[in-house]
Amino acid sequence: MDEAALLNLMLWLPVVGIALIPVAVRLAPARGGAVTRPLTLAVMLLQLLLAGWLTARFAVDTDGLQFATRIPWIAAWGVSYHVALDGFNILLVLMTAFLGPLVVASAFRRIQKDVPLFYAMVLLVQFATMGTLLAQDLFVFYVFWEAMLIPMFLLIGIWGGERRIYATVKFLLYTAFGSILMLAALIALVFTLSTTAGITSFAFTDLYATRLPLNLQLLLLSGFALSFAIKVPMVPFHTWLPDAHVEAPTAGSVLLAGVMLKMGTYGFMKLGFPLFPDATQQLTPLLTTLAVIGIVYGACLALVQQDIKKIIAYSSISHLGYVMLGLLSLDLIGIQGAIIQMVSHGLVAGGLFLMVGMLYDRYHSRDLNMYGGLAKLLPVYAVGFLIFTLASVGLPTTSGFTGEFMVLLGAFRAGWTQHVAGSSYALWLAAIAVLGVVLGALYMLRLALHLLFGPVRVPNTDGGHGTVTVPVRDLDWAERSILGALVLAIFALGLFPDRALRMTEPAAKAYRALIQTSRLPLGDGLVGAVR
Amino acid sequence: MSQTLPAPVDAAWHALLLIVLLPLAGFLINGVLATALGGRNVSRRFVSVVACGAAFASFLLTLRMFLMLRAGGYLPIVDSVYRWALVGDYAFDVAFYFDRLSAIMTLVVTGVGTLIHVYSTGYMHDDKSYGRFFAYLNLFLFFMLVLVLGRSMLVLFVGWEGVGLASYLLIGFWFDQLANARAGRKAFITNRIGDAGFLLGMFLLHQAVGTLDMDTINRAFLINPLPAVSASLIGVLLFVGATGKSAQIPLYVWLPDAMAGPTPVSALIHAATMVTAGVYLVARMSGVYLQAPEASQVMAIIGVATAFFAATVALVQTDIKKVLAYSTVSQLGFMVLALGVGAYGVAVFHMVTHAFFKACLFLGAGSVIHALSGEQDIRKMGGLAKRIPVTFATFAVATAAIAGLPPLAGFFSKDEILWYAFASTGGGSPWLWGVAALTALLTAFYMFRLLWLTFLGASRVEPSVAHHIHESPLSMTSVLVILAVLSAVGGALALPHFLEPQLALPPVNEALHHLETPLVVVSVVLSLAGLAAAWFMYGGATSRAAAWQARWPGVHGVLAGKYFVDELYDRLLARPLVWISREVFLKIGDRLLLDGALHGLASLGQRAAGALSRVQSGSLHRYALLVMLGLVSALLWSWSHG
Amino acid sequence: MLLGLSIALFSLGLLGVIVRRNALIMLMCMELMLNGVNVALVNAMVDNRATAGGVLVFLVFVVATAELAIAIPIVLLLVRRTRSLDIEQYSDLKG
Amino acid sequence: MNGSMTVAMDLGLALLAMLPEHLLLMGAVLLLGLDIAGKGARLALSVAIAFVAAGAIAAVVMGAQGISGEVFPGLLAVSPSVLLAKGVLLGLAVPVLLMSRDDFEGGEFPALVLLSLCGISLLLSAESLLISFLGLELMSIPVYALIVLGYRRPESAEASLKYLVLGGTGTAMFLMGVALLFDATGSMALDTFAAAMASPDLVSRAAVVLILLAFFIKAAIVPFHAWAPDAYETASLAVTAYMATIIKGGVLLAIARIIGPAPITSPMVELLVLFPLVSIVWGNLTAMRQGSFRRMIAYSSIAHAGYLFYAMLGDGAGRFAAMVFYVLVYGVVNVLAFAALPAAHEDRDRDQLEQLEGLYHRQPFAALVIGVAMLSLAGLPPFPGFVAKFLIFKNVLAAGYGTYAVLGLVGSYVGIYFYLRVIQLMFMSRPAQAHGADFTIHPNPRPPLTTSGFAHSAAVLCLMATLLLAVLPGWVLAHL
Amino acid sequence: MLTLFSGLALVGAVLMLFLREPMRVALALITTMGSIGAIYGLLGVHFLAAFQVLIYVGAVMVFIVYVIMLLEVREQITQPRYSRLLVPGVVGFTLLVGVLGISVWRTPAARVVSGSVAGSTTDFGVSEFSVAFLRDYWLPFELTTVLLVAAIVAALAVVRVSRKLHG
């Protein structure tokens, strides 16, 4: 079977799963659709298998799309169903596929309400994110991009915590606002392409060749950037994230942190910046500033939270600031670092959210004040939590280090180059970002300290204070294997990132080249005259 | 520059890697067994054998490699393991590098490390988390070896952060007390601040040289030095990292608190090995520092200031480990002073001797604490010499060594530091010498004070404890003896000379050459003066010290309060940070401005919706009026653009 | 002038719909509007000498009748329920 | 003269070209006959559906065949695009008729719908404002009756009167406009309107404004919308669906036909933007506050009328097709939502939004279907509403009205909230506890309004159409 | 003459707004309609004049008067005449008349005074219309039947609802 077909199979597998769910529930109606659990897990594992196979077949150090499928969809507008793997998305695809089974498995015991719908929604999120990553056509991209929202809306809204409605509506309205502006920018972009170059096409490759005057580029970039920035989220568009994370069920948090936030940075990398190189150059100082503010601001806020999930949520803001910093550095090391950091954050934050979920399953509280000394009570849990904490802090040998180190090195190199050229602004920003490393240690270790160490202290089952009365089991084998898989991945990416870097390097180079090549209209604004 | 930088030779087999991996294997075995299986099915003997065996095997392997190194004419041996990353034209390789400097470091680390492992089997024998402890120790050893053997700064940094992690875990080893865990966190975070500087220095180097391999960097600086400003900037930034790890002003604050960990940890990590990593780093990067006079000057001043400052604090501490901790800070200051005046080999020399005698002191202190069932306050000791004679003897030897009494190890190394501080053309000055000499006097004083209060005089031990004071088991005393011997004879190693082909000593101001012997005499006299003063103050009635204390309560208060630096940092940094985060960022930024605007918009929408739906009053008249108004306005509009 | 009359009748009819409270009068005012329209149509027909206007007037007659034919039963229905012809009474639906 | 000959020849052609209208009329007559014969109840619906479906198929087939021509010169013409539009609207009537089974018995409802549909067909085919007028009235008059027809709620007479008075006012305005236009040009042909739109002459402009505004009233554009929420709320479900989809679509496609493909210039273009823009915002905002599903849909339809008028800004050639597509999508998902609405004892309760609380736990299929419909109405991908909205805004932008497009999109953003609220109610709320007890407490048993298999089949029909539109929008678009 | 009837029509229309009782309003409307019929006649459109009188006055108004008498609801007198929107309504009315009037006035083509040529033509006789309806406009003519059928069905439906409800 050729790889393109396998790629499509991988993408559409969750849809098949969703279609099978009602059938399975009908066939085995016992216990409210318990049958959907193994079914979904099987689908996810199969998807992971396919993703792994495709990764293995992926030609490294090769530029361009691989395993592409292109079928005209809305021919009149030049829209094609166009999906492919490339250096930009390969790692994120793999990570998404990797997180899928873990999310599903982690929810086995936790989710007892509306089980079939839950797994259907998880599969939908999976499908939509995969589609967003694989899409090579702007229209298709947008469709998948938006399709992510609704299942996530439901995941938070149905299976979330107390203030879930507020959180989920906030999440949706925030992101939808960005999407609307992106839609406007998208239409304008395609229209401009068709008038200047005479092609009506949504294909990225065609759009990458669009020449636009600077002011238009700025306008359109703002549209795209706002949408992506909300998703990332960059300060000051971030306030939906802590709420969404706190209220979401564990699986939702993991999907949100692990997969969905990456779509924002991926969008910047794949679309936002390369489509509008001149505007990007123009806005780089501003965006870099926002990224660094995000690093510091997110860290500071994480420092003063009492809700464990909020701490991790704010840490996400901080960590994704690094991604933005790396992408904007336009230094190859920085870009590569940003890609690694994306994956790393997915693994680490995903792992942390899973662990918080496991804790919540046991004690029904996320209040840091309620806890203490878990290392004594749940030693295996503590070890796991510590590993994720340290990975989040960016300790060497973990993936967090690989990402942060390369991002910071890249940002610094870029800053120094500009410093030599006469402007030290970027250099200072890079230096501040390096200091963010300290803040990262501050809040994560605060979390670990209060959670794991000190005298034993856990909430009663009713959420109040008190000494332990009921012995609580440590992680069971299922939880251990879920976390173990993540830990292995974290160390793999920390110790042996080169294989991953080989796959993404052509894309990183292409990205840099796209942004460094001006695409202002040729001549005196007579756009498209020279073709 | 007369230094030669010979081309490295490749290691025939991954011997260096093996040195590093053995402790890792020990860690994994013990760690997995201790946590995953709850340590139930694992005997202590098994744990000890694995842990000590791993350390000892590493030591033996290091010895073998050292012999190979010597056989190869001290050509550095390189063990390339794998390519960590390749980005564009820049490669980041994981490789180990074995030359004179790292050989010495490795030997000390594995040697002292093995000894302390053995010691710990006795010291920690009754601890519940025996397996976990040895797992951590092996983990530390692994990272420390990565640190000293790494060829690239990146690998060094891995070790650098890794030992920080091990330190964090070991300081907070008894984590049921929050204070211990807090101390661990403080250590980690303080180090992180230094690491930020380290990272920046590393980045700058990468930008300048295009690689992080330290031998290449040194060679590059030798052949084609950067402008002095850049070199100094790099130097200062790297030194910021060193101040963190090696507990120099202003980042020394974590080290005294780090005594919360088990005593063998204090000996191994916070005295003998890890804290010297900063010194090692500077020595390793001497190629850069040779081009960076300003950075060197900064180092010298910081070093001497730290040495003096810590020594004054040590004068009045009453916790046996705290005294030793400040003493460590002070001694590290000496080493940094040596680095600052360009005497890298001397710094390394002092580092080695310090490893011997300070490890001995800490382990001795551990033995005391062990004997007194955990008591650490020297005011509640005294007269222990007869009860635990081996400990006393070894402790005394080490005290004499640190005080700089000839012919013990400390005398040689400290004396060389004082000499270069005085006479080095690379920044030596009488001022530096003066302060350093005064510090040496203080050192002798507080160390003998410690000795007296602990072992001599009348017993002030609490009766409940007194009756089961006992000498430590053989596993501990044997280690003490070995270390005491090393402290005594270690001065004969003459390391600066050994290292000279690699780390040249700075040229000495010829005009001052004639002062060398008088200065030696002066320093010996100062040491003896310290001894005498301590005897004067504490040898007789303790009231004399109390009287002095009463005479200058302010001074005593400041010293006992450690100059209130911790409080200062708390007020100046920690609290403002939390305050700004909570009051400004969270309350004003997130809640008021961002969420406030959002909620404002939402309620605006709701209110607008309410107003609009009131327009729909149900009255047909109004509906018709709306039509008429719409009609009129549309007609009026149609007149425009006439 | 006839156009003016037409406009006046049309507008008066609309005004009547707005201000008169009696449902039947309101319906009559609608008839008035249509009459106004018819005047304009006839006027235009005469101006342009085109029969189409006349045809349309004829159609308006029919439509006016038809509208009334359905309006009156509805009003009767309302009167049965509210015992009133007051339009203001027919405002249960709002919001 | 040979006039009679032409007429005779035309008759043959007319029979063919106006086949949909003829089918509808035949159906209506047959229904009336059945009614008089007293056999209406059983057969009426099947007959109506058969004739409407036949009409729809005929229209689509003829449209696909590319039949075009002047049936009655100067009065009535057919063209493929118009035939397809008719096909779409008639096709939408099929599920609406299916739904009606739950509310109506007998032949009145189908007969009135058939007559009204006939009016819409005429309206679309009209080449003269004269015929437009007739079509408009033929379309509207049965609807006034339809609103009160179910008479599940006493207020429906009030709503009907409001609609009638405002609709009548609209008719008068239309006629006034025609009269002024006729006065100025001496013609009632459709293209005089297009010419008048660009004319600098004030009477022409006044005429254009009057005619446009008449359509605004019929399409419920703010501030001429006020009848719509009342009428939609109290009419029976099928009637609401009919008004919200078919009438609205018919009116909008008709005005598109009247305006023609010529580009629109200032000041008319502002009228065609500002009123709809206000409608979008107003409708979307006000919908947030509604407790009644139908009333909410009414405001939603006010906003959607706004989008549809936006389409007029688009490029001339694609304008009509875009609107047909939009009407198709909008109609399908709207009917889908109505058809899936769960049953209740009281009509008033039936569309209370609280009634939808926890619907997923009672009727998962209905909840999912309504969810799909809501998301589609909100214009979120991957549902077909998105493609339709995209199409319109793409055309608007392409015509150079960037600012208006962005404003419209932002206005549409406001609407997302209330569609989501429905989903929120259905999926995120537990069902009210009273529901189990509801059946016993209610002392006065009107027969519960069940959703029968007919409504289900309507929902399934629409769902299939929705899926088709979602998966193959390109294919559908290519054929419009 | 034309002016006279125009004035009469206008007065009738204005009276419609002022009179309180529905019956009087109906009479005012009949006046207006009659005047308009006369105007048609003066313009030579006798066919329409006849229809105006026959259909409007003869059928529609009789129907209305009948309904008014049928409904003789007692509260009529106490009921206020005007809605609360009197003032805005009048303002709107003024504006509307002004706007439309000015639109017409400012357009030269619309200011042809039709009355001057009135009576001089018989173009719009019954025969003319018959021909027009049967030749050019037979479609609308046919459609009126459909329309009337629809109206009847609709009205019957409403009546039937009413009957079902109230006996």
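Naming convention: chains lettered A, B, ... in sequence-line order (proteins, then strands); numbering from 1 in each chain.
Between chain E and the residues I18(C), L32(C), L27(C), the largest count of heavy-atom pairs under 4.5 Å involves L32(C). The most heavy-atom pairs under 4.5 Å with chain E, out of V55(C), V57(C), V62(C), come from V55(C). Between chain C and the options T3(E), V14(E), L156(E), heavy-atom pairs under 4.5 Å are most frequent for T3(E). Ranking V19(C), T65(C), V63(C) against chain E, the residue ahead of the rest is V19(C), based on heavy-atom pairs under 4.5 Å. Ranked by non-hydrogen atom pairs under 4.5 Å with chain C, the options I36(E), L85(E), V90(E), L148(E) are led by I36(E). Your options are A64(C), G54(C), G16(C), and the one with the most heavy-atom pairs under 4.5 Å with chain E is G54(C). When L143(E), I152(E), V67(E), V159(E) are compared by the number of non-hydrogen pairs under 4.5 Å with chain C, V67(E) comes out ahead. Between chain C and the residues G101(E), A59(E), A26(E), the most heavy-atom pairs under 4.5 angstrom are made by A26(E).
F61(C) and Y56(E) have perpendicular rings, their planes meeting at more than 60° on a 0 to 90° scale where under 30° would count as parallel.
The two residues Y40(E) and V39(C) make their nearest non-hydrogen contact at OH-N, 3.5 Å. In plain terms, the two heavy atoms of L2(C) and S6(E) that are nearest each other are CD2-OG, 3.8 Å. In this structure, A69(C) and A155(E) approach most closely via the heavy-atom pair O-CB, 3.6 Å. L59(C) and T144(E) get closest at one heavy-atom pair: CD2-CG2, 2.9 Å. In terms of heavy-atom proximity, P73(C) sits nearest to V158(E) at CB-CG1, 3.6 Å. Of all non-hydrogen atoms in A154(E) and I70(C), the two that sit nearest each other are CB-CD1, 3.2 Å.
When side chains are defined from C-beta on, N35(C) does not count as touching T32(E), because their heavy atoms never get closer than 4.5 Å. The side-chain heavy atoms of M16(E) and L12(C), taken from C-beta on, include no pair separated by under 4.5 Å. Between L5(C) and I39(E), the closest side-chain pair of non-hydrogen atoms falls below 4.5 Å. In this structure the side chain of F63(E) reaches within 4.5 angstrom of the side chain of I72(C), judged on heavy atoms. The shortest distance between side-chain heavy atoms of M33(E) and E31(C) falls below 4.5 Å.
With a 4.5 angstrom heavy-atom cutoff, A52(C) touches chain E via backbone and side-chain atoms both. Neither the backbone nor the side chain of E67(C) comes within less than 4.5 Å of any heavy atom in chain E. Contacts of L76(C) with chain E are made by side-chain atoms alone, with heavy-atom separations under 4.5 Å and no backbone atom involved. Proximity to chain E (any heavy atom under 4.5 Å) is shown, for I74(C), by both the backbone and the side chain. Heavy atoms closer than 4.5 Å to chain C are found in both the backbone and the side chain of L17(E). Looking at L24(C), only its side chain comes within 4.5 Å of chain E, counting heavy atoms on both sides. Residue A157(E) does not touch chain C at all, counting heavy-atom pairs closer than 4.5 Å.
Surrounding CZ of F18(E) are at most 12 heavy atoms belonging to other residues, nucleotides or ligands under 6.0 Å away.
Rounding to the nearest 0.5 Å gives a distance of 11.0 Å between CZ of F47(E) and OG1 of T51(C). Distance CG/L100(E) to CD1/I7(C): 5.0 Å, rounded to 0.5 Å. R84(E) CZ to E88(C) CD: the interatomic distance, rounded to the nearest 0.5 Å, is 5.0 Å. Note: E21(E) CD to I25(C) CD1 = 9.5 Å, rounded to the nearest 0.5 Å. In this structure, the separation between CD1 on I64(E) and CG on L68(C) is 4.5 Å, given to the nearest 0.5 Å. Residue L29(E) holds its CG atom at 8.0 Å from SG of C29(C), rounded to the nearest 0.5 Å.
Defined by atom type and a distance below 3.5 Å, a donor-acceptor pair is missing between the side-chain atoms of Q52(E) and N38(C).
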Side chain to side chain contact (heavy atoms under 4.5 Å, CB included) between R20(E) and N22(C), intermediate numbers included: CA-CA 9 Å; R20(E) 179 183 294 274; N22(C) 188 304; over 6 Å; no
Check the pair L48(E), M45(C) against side chain to side chain contact (heavy atoms under 4.5 Å, CB included), reporting the backbone distance first and the verdict last. CA-CA 12 Å; L48(E) 286 181; M45(C) 177 178 79; 4.1 Å; yes
